[in-house]
Visitor: 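Here's a structure for you.
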Number of protein chains: 2
Amino acid sequence: MQKNPVQCQFVVALDSIVGKWKPIILYHLLQGKTLRFNELRRLLPDITQRMLTLHLRELEEEEIIKRVIYPQIPPKVEYSITEYGMSLSPILETLHQWGVAHVERKQLKKANNEQIETD
Amino acid sequence: MQKNPVQCQFVVALDSIVGKWKPIILYHLLQGKTLRFNELRRLLPDITQRMLTLHLRELEEEEIIKRVIYPQIPPKVEYSITEYGMSLSPILETLHQWGVAHVERKQLKKANNEQIETD
DNA sequence: TGGTATAGTATTAAAAAAGGTACTGTAAAG
DNA sequence: CTTTACAGTACCTTTTTTAATACTATACCA
């Protein structure tokens, strides 16, 4: 993921939530549920263990999520959103809505083009 | 910039505004001004011509910005936000606010740590 | 005649991000 | 006795982004 020198507040904000998988991870955790490592893995079927670990660590580093280790075998580690992480909720929500509208707009456009071509 | 298959609305939305420079480009254009290529370049001193071109083309592709070419020499090309691009305004605004708060929080934390260390 | 401004493109190189595979230790289930 | 679940780590490769440099055409200015 891109890491920029702090030049701009946009960039600071985006660094925290961007990465191929972070928005999806946050989406699940923002539901308020506590999830174990493999539970998250099942929710994101295409992510590799390595990528999940890396992204979770970065989110933890920024205190957006909380990582709780239970010292037992087999291991148990739980992830949940922090109160601070909750402050991302409006951004993700707005972003999600825009994404939905953007996809609809594209499909509408595509449909229109096909209409014209087959006329 | 990362381009994902459409798996998730977050990703669709993020693809449109992420890229090392897109938020800053949009920030300037969302002021409503029309800017020429080199004017933008002067506003983003560290960007290379190539990167500016690439990002502008991507934003144009998504109809977030408009590119108007004046057939004259030396060349003149003007960039401005589209009406559709304006719909990104709330996202960028929320993002910016969060960025500001996030930086403040980090600095506060850093100050606290230094306080403890020197005690 | 030489230099400057404009909006780029082309090419190559470097850096960053993501992906793939194999491996770990241990308890419990079958 | 073998397999499975768990939560990773280590190592290496591939892909994607970004950067750096040189180059284009032509009108205008001195």
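Every heavy atom of this structure was used, including side-chain atoms; hydrogens, water molecules and symmetry mates were not. Just so it is clear: chains get the letters A, B, ... in the order the sequence lines come, proteins before strands, and each one is counted from 1.
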Visitor: For the residue pair B/Tyr84 and A/His102, does the interplanar ring angle fall in the parallel (under 30°), tilted (30 to 60°) or perpendicular (over 60°) class?
Guide: parallel
Visitor: Want to settle it: does A/Val77 or A/Arg50 sit nearer the 5' end of DNA chain D, counting the closest nucleotide to each?
Guide: A/Val77
Visitor: Which nucleotide wins on minimum distance to the side chain of A/Lys20, given the candidates C/dT26, C/dG19, C/dG8?
Guide: C/dG19
Visitor: For the pair made of NZ in A/Lys76 and C1' in D/dG8, what is the distance, rounded to whole Å?
Guide: 17 Å
Visitor: Whether A/Arg41 contacts D/dA5 is assessed here as follows: a side-chain N or O lying under 4.0 Å from the phosphate OP1 or OP2. Is that the case?
Guide: no
Visitor: Quick one: is C/dA7 close enough that its OP1 or OP2 comes under 4.0 Å of any side-chain N or O from B/Arg42?
Guide: no
Visitor: Ignoring backbone atoms, establish whether B/Tyr79 has a side-chain N or O less than 4.0 Å from OP1 or OP2 of C/dG8.
Guide: yes
Visitor: Nearest-Å distance, CE (A/Met51) to P (D/dA7)?
Guide: 19 Å
Visitor: In whole Å, what is the span from the CD atom of B/Glu60 to the P atom of C/dA7?
Guide: 14 Å
Visitor: Quick one: does B/Thr82's side chain have a donor or acceptor within less than 3.5 Å of a partner on B/Glu63's backbone?
Guide: yes
Visitor: Quick check against the 3.5 Å criterion: does B/His55 have a side-chain atom that pairs as donor or acceptor with the backbone of B/Met51?
Guide: yes
Visitor: For the pair made of CG in B/Leu52 and P in C/dA7, what is the distance, rounded to whole Å?
Guide: 10 Å
Visitor: Identify, between A/Pro74 and A/Thr48, the residue whose nearest nucleotide on DNA chain C lies closer to the 5' end.
Guide: A/Thr48
Visitor: Across the strands shown, which category fits A/Arg36 at heavy-atom distances under 4.0 angstrom: base, sugar-phosphate, nothing?
Guide: sugar-phosphate
Visitor: If you draw a 6.0 Å radius around CD in B/Gln31, do more than 12 non-hydrogen atoms from other residues or ligands fall strictly inside?
Guide: yes
Visitor: Can you tell me which nucleotide in D/dA7, C/dA7, C/dA5 comes closest to the side chain of B/Phe37?
Guide: C/dA7
Visitor: Specify the separation, in whole Å, of atom CD of A/Gln72 and atom C1' of D/dC6.
Guide: 10 Å
Visitor: B/Arg57 side chain N/O closer than 4.0 Å to the phosphate oxygens (OP1, OP2) of C/dA7?
Guide: no
Visitor: Just compare C/dG8, C/dA7, D/dA7 and give me whichever is closest to any side-chain atom of A/Asn38.
Guide: D/dA7
Visitor: Rounded to whole angstroms, how far apart are CG on B/Leu40 and P on C/dG8?
Guide: 10 Å
Visitor: In whole angstrom, give the distance that lies between atom OH of B/Tyr70 and atom C1' of D/dA27.
Guide: 19 Å
Visitor: Could you check which of D/dG8, D/dA20, C/dT9 has an atom nearest any side-chain atom of B/Gln49?
Guide: C/dT9
Visitor: Closest to the B/Pro75 side chain: C/dT6, C/dA18, C/dT9?
Guide: C/dT6
Visitor: Output the rounded distance in Å from CD1 (A/Ile47) to C1' (C/dA18).
Guide: 10 Å
Visitor: Show your reasoning for whether side chain to side chain contact (heavy atoms under 4.5 Å, CB included) applies to B/Lys22 and B/Ile64.
Guide: CA-CA 11 Å; B/Lys22 279 190 197 170; B/Ile64 289 167; over 6 Å; no
Visitor: Are the side chains of A/Trp98 and B/Ser16 in contact, using a 4.5 Å heavy-atom criterion?
Guide: yes
Visitor: Would you indicate which nucleotide in C/dA18, D/dT26, C/dT9 comes nearest to any side-chain atom of B/Ile73?
Guide: D/dT26
